[in-house]
Amino acid sequence: MTLRARLTLLYGGLFLVAGLVLLTVTYVLFDQRAEETGPKLMPDPSSVSVSGSVTGPASPLRDPGDRTRVYLMKNGAVLQGQEAAAEFLSDERKRLRSAAGTALLTQSSIALVVVGGAAAGLGWLVTGRVLTPLRRVTDTARRIAVAPAAVRGLHERIALHGPDDEVKDLADTFDTMVERLDRSFDGQRRFVANASHELRTPLTLGRALVEVAMHRRDASEDVQQLGENLLAINVRHERLINGLLMLASSENAITERAPVDLADVVEHVVAQTAAEAGAAEVTVDHTTREALTTGDALLLERLVHNLVENAVRHNSGPGGRLEISTGPDAAEPGNVQVTVSNTGPVIPAYEVPTLFEPFRRRGAERLVSAKGAGLGLSIVRSIAHAHDGGVTARPREGGGLTITVTLPAADESDEFADLDTDHSVGI
């Protein structure tokens with residue numbers, strides 16, 4: 001039950017309880033007043049003359065010829081004279097008081113129900129108006145929580161205008177918290193980007209010095225072997241820095257979008273990685289159908305490249321297979337998807353989510369190695385989220401992974417009229 005419904009029921013219940021208390025007090029006061037004033041409204045029994053006899057249980061009868069003559073039988077005895085008149089008047093007072101009390105309770109109860117229903121409806125309207133600022137706070141918090149890119153979500157503010165009450169204080173506090181988080185994440189991304197740029201220079205200089213030392217005429221085999229090892233370490237460090245830069249940039253919002261056919265991107269990436277797949281003796285099968293989306297073509301190329309590269313490097317080696325396909329999403333017609341499936345070691349289902357965390361690697365592969373720095377799938381997830389999409393992975397039967405990236409399909413517009421589907425866009 002919603003808070004609005006609970007408050008309405010509470011308001012209506014309190015109103016009904018207060019109405020019942022008021023009705024009870026009114027009935028008690030009315031009964032007391034009727035007891036005090038009833039005898040004054042009836043005639044004096046001594047002024048009533050009676051004669052004759054009557055039959056019937058406690059029923060007053062009047063003589064049609066003389067309405068002042070009263071006969072009364074009560075408890076098996078016939079009452080006559082002033083005794084019968086007094087008893088008759090007493091019964092009349094009780095009957096009239098009972099009828100008046102019943103009418104009061106009936107009509108008041110009906111009025112209480114009607115007014116209570118009206119009060120509950122009014123309470124529903126008033127409660128809805130009072131809770132409107134809270135709904136605004138909730139909607140803003142929900143949009144921030146489900147935003148595919150943290151940068152875009154944290155830029156949003158409630159900016160509630162109104163009296164300085166508890167609700168506005170809550171909204172202002174929430175805005176302050178989100179603003180501090182936004183500054184914190186922006187500072188973190190700037191630090192990663194700046195540090196990565198600054199580290200490129202010494203790595204480039206170190207690679208140049210090592211190459212110079214290796215190509216000297218008097219360089220011994222030990223020096224050349226050491227140089228090759230240092231160059232391999234330098235390449236891994238450069239790959240790590242490039243990955244960090246890509247991760248920092250992919251988490252930003254996509255401000256300029258262009259039409260992209262994922263089928264063309266896959267064809268391009270498969271051609272680029274054919275040499276690496278051939279060296280690893282991994283067979284690549286690709287089935288591409290038109291999958292039109294919008295976004296940054298370079299980032300989408302990096303997404304597919306990381307998926308294919310990850311599937312080749314973490315494959316089962318000679319005899320391994322890699323399957324990649326593109327096309328519309330059968331489950332959600334408004335989306336397109338890229339699916340990459342590869343053979344490889346058996347991966348438990350509970351370990352799959354950790355593969356998308358930065359620097360998280362399986363088994364003993366905790367450091368940067370020839371297979372990568374542990375940023376490939378993290379970059380894939382960030383790029384997918386930046387394009388309002390998502391990525392899922394599941395263990396493949398017999399070993400390996402099946403990774404599916406889902407992106408929003410492009411709207412049918414004139415932007416695709418001049419699109420040559422035989423070539424990739426922006427690559």
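Keep in mind that this is a model prediction, so the values were computed, not measured.
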Side chain to side chain contact (heavy atoms under 4.5 Å, CB included) test vs Leu22 passes for just one of Thr26, Leu20, Thr24, namely Thr26
Look only at the side chain of Asp222 and the backbone of Gln225, and say whether a donor-acceptor pair between them is shorter than 3.5 Å.
no
Heavy-atom pair of closest approach, residues Pro133 and Leu160
CB-CD2, 3.8 Å
Residues Lys168, Asp165: salt bridge by 4.0 Å N-O rule
no
Kindly compute the distance separating OH (Tyr11) from OG1 (Thr127), expressed to the nearest 0.5 Å.
8.5 Å
Shortest non-hydrogen contact from Gly295 to Val260?
O-CG2, 4.1 Å
Donor-acceptor contact below 3.5 Å, side chain Arg289 vs main chain Ala263:
no
May I have the step-by-step check of side chain to side chain donor-acceptor pair (under 3.5 Å) for Ser378 and Arg381, ending in yes or no?
CA-CA 5 Å; Ser378 302; Arg381 184 177 62 177; 5.3 Å; no
Validation row: His387, Arg257 side chains within 4.5 angstrom (heavy atoms)
yes
With a 4.5 Å heavy-atom cut-off, do Glu276 and Arg313 have their side chains touching?
yes
Could you check whether any side-chain heavy atom of Val336 comes within less than 4.5 Å of a side-chain heavy atom of Leu292, counting everything from C-beta outward?
no
Do Leu300 and Leu407 come close enough that some side-chain heavy atom pair is under 4.5 Å?
yes
Nearest non-hydrogen partners of Ala410 and Thr294, listed with the distance
CB-CG2, 3.8 Å
Is there a side-chain contact between Thr406 and Val338 in this structure, where contact means two heavy atoms from C-beta onward sitting under 4.5 Å apart?
no
Under a 3.5 Å distance rule, please check whether His215 uses its side chain to pair with a backbone N or O of Glu211 as donor and acceptor.
yes
Counting distance only, does the side-chain N/O of Asp175 pair as donor-acceptor with the main-chain N or O of Ala159 below 3.5 Å?
yes
side-chain hydrogen bond (donor to acceptor under 3.5 Å, both in side chains) with Arg216: which residues, sequence neighbours excluded?
Asp218
Separation of Thr326 OG1 from Glu267 CD (nearest 0.5 Å):
8.0 Å
I need the minimum non-hydrogen distance between Asn335 and Pro408, along with the two atoms involved.
OD1-CA, 3.5 Å
Is there a donor-acceptor contact under 3.5 Å from the side chain of Thr354 to the main chain of Glu351?
yes
Say whether, by atom type as modelled, one donor and one acceptor occur between the side chain of Asp182 and the main chain of Val178 under 3.5 angstrom.
no
For the residue pair Arg135 and Thr138, confirm or rule out a side-chain donor-acceptor distance under 3.5 Å.
no
With rounding to the nearest 0.5 Å, note down the distance linking CG in Leu322 to CD in Glu309.
11.5 Å
Distance-minimising heavy-atom pair for Val269 and His305
CG1-CA, 3.6 Å
To the nearest 0.5 angstrom, please state how far the CG atom of Leu105 sits from the CG atom of Leu112.
11.5 Å
Go through the steps for Val130 and Leu7 under the test side chain to side chain contact (heavy atoms under 4.5 Å, CB included), then give the verdict.
CA-CA 11 Å; Val130 171; Leu7 289 176; over 6 Å; no
Give, for atom CG of Leu230 and atom CD of Glu228, the distance between the pair rounded to the nearest 0.5 Å.
10.5 Å
Any luck finding a side-chain donor-acceptor pair between Ser325 and Thr287 under 3.5 Å?
no
Hey, are the side chains of Asn306 and Arg302 touching, using non-hydrogen atoms and a 4.5 Å cut-off?
yes
Look up atom OG in Ser341 and atom CG in Leu307, then write down how far apart they are to the nearest 0.5 Å.
11.5 Å
Thr293 side chain to Ala409 main-chain N or O, any donor-acceptor pair under 3.5 Å?
no
If you define the side chain from C-beta out and look only at heavy atoms, does anything of Leu377 sit under 4.5 Å from Ile403?
yes
Any side-chain heavy-atom pair from Val352 and Arg394 closer than 4.5 angstrom?
no
Taking all heavy atoms of Asn234 and all of Leu203, pick out the closest pair and write down the distance.
OD1-O, 3.2 Å
